[in-house]
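Take a look at the structure set out below.
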Protein chains: 2
Amino acid sequence: MAKLPLTKEMILNSAEEVLLRFGPAKANVQDIARALNVSHPVIYRHYDSKAKLWDAVVERWLDRASAPLNDILNEPISSDIKLYRWLEALFKGKRQSAINEPELYAIYTTLAAQSSEVLHQHITHLIEDTTKIIKQGVDEGVFVKDTPEQTALAILDAFTRFYHPAHVNEWQNPNIDKEFNALWDILLKGITYHSYLT
Amino acid sequence: MAKLPLTKEMILNSAEEVLLRFGPAKANVQDIARALNVSHPVIYRHYDSKAKLWDAVVERWLDRASAPLNDILNEPISSDIKLYRWLEALFKGKRQSAINEPELYAIYTTLAAQSSEVLHQHITHLIEDTTKIIKQGVDEGVFVKDTPEQTALAILDAFTRFYHPAHVNEWQNPNIDKEFNALWDILLKGITYHSYLT
């Protein structure tokens, strides 16, 4: 078989398999090189260190998870519906991932927790997206005109229980969707421009 | 020295010391008995099992932490101020405990996480207290008349980041108090009876 040129995607795919097989504590670059039938310096040509490679694996996973959120962000719908659907997609995406691929989910959240840089980027991204929706709502006269970024942060804080991996074990509670909606109703009222309500 | 009769409090004090010294994984009833200069069956006369003893230690810690919350609950102040002060005391109490006694805090949260019964009681207690304040607010015409228990639960969900031990590392962020207040402002508006706002 002719050797294919080694792409970053091939390395990341192999890294994912190796992580799943040996766990984040034991998996190493040599295992990945072996699985790809190359020597490990070849891997280091693409990624300087194991830490950088793990970061790239987690970033790809987070990017994949964010794709549906980006779609909602760009839909031509009103800001209140958009915010609800975006938060719902954030929660349900994480929950689905945790339920459908529990081993991968555990590996990824462990790796993410170890990389403050990746986590910081992820959170910054979430705040930016929420701020965009709040700003749209201010322009539409739907949301209050307070500092949109602070409002966005407060909304994300409020929904911590519904997307932070520390609460993964609560996501299969029978009342969790009801609780999500009860919180949403209160928050929506809290950020809605007053004269819009009357 | 004359032997004092062995009280539950003496056992719990000793258990706390032993837990602090050996950690929750290694601490055992024999260590406690040795520290109290009694045989371990004497301890079992008061607590059926190590698990029950650990539960009692955690319960006492939680009760102590709840004392300031109960005081606020019984103060003759209006419901919105009461709710703010109660949530603030919940957050700041946990934060203070985590900062001032980090080893004990880590031990207690580990033990609490292992005892679904103790955790369930603690959460039930928090929900009951919040519900009382919401009901007071409904009676005063300050808060909306929706089901108070559901509102209480939503408020507690919203503040998860500010009292759940999973987020202990975020409690020293320089902006955490500002974020607490931003979230409070939105939630207060969200639960305030509408004609009260105008």
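All heavy atoms count here, side chains included; hydrogens, waters and symmetry mates do not. Please read all numbers here as calculations on a predicted model, not as lab measurements.
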Using the side chain to side chain contact (heavy atoms under 4.5 Å, CB included) criterion, which residues pair with A:N181? Sequence neighbours excluded.
A:Y84
Chain A contact residues among residues 113-137 of chain B, heavy-atom distance under 4.5 Å
none
Just checking heavy atoms, which of residues 163-173 of chain A are less than 4.5 Å from chain B?
A:H164, A:A166, A:H167, A:E170
In terms of heavy-atom proximity below 4.5 Å to chain B, should A:F180 be classed as side chain, backbone, both, or neither?
neither
Side chains of A:R34 and A:N28 only: does a donor on one sit below 3.5 Å from an acceptor on the other?
no
At their closest point, which heavy atom of B:S79 faces which heavy atom of B:E140, and how far apart are they?
OG-OE1, 2.7 Å
Which pair of non-hydrogen atoms, one from A:M10 and one from A:L36, has the smallest distance, and what is that distance?
O-CD2, 3.9 Å
Compare every heavy atom of A:V138 with every heavy atom of A:K145, then report the nearest pair and how far apart it is.
CG-CG1, 3.7 Å
Which pairs with one or both residues in residues 47-73 of chain A pass ring-ring contact (aromatic ring centres under 6.0 Å, His included), sequence neighbours excluded?
A:W61-A:Y105, A:W61-A:Y108
So B:L83 and B:L188, do their side chains get closer than 4.5 Å, heavy atoms only?
no
Carboxylate-amine/guanidinium contact A:D55 A:K52, below 4.0 Å:
no
Has B:R95 got its NZ or CZ under 6.0 Å from the middle of the six-membered ring of B:F91, at an angle within 45 degrees of the ring axis?
yes
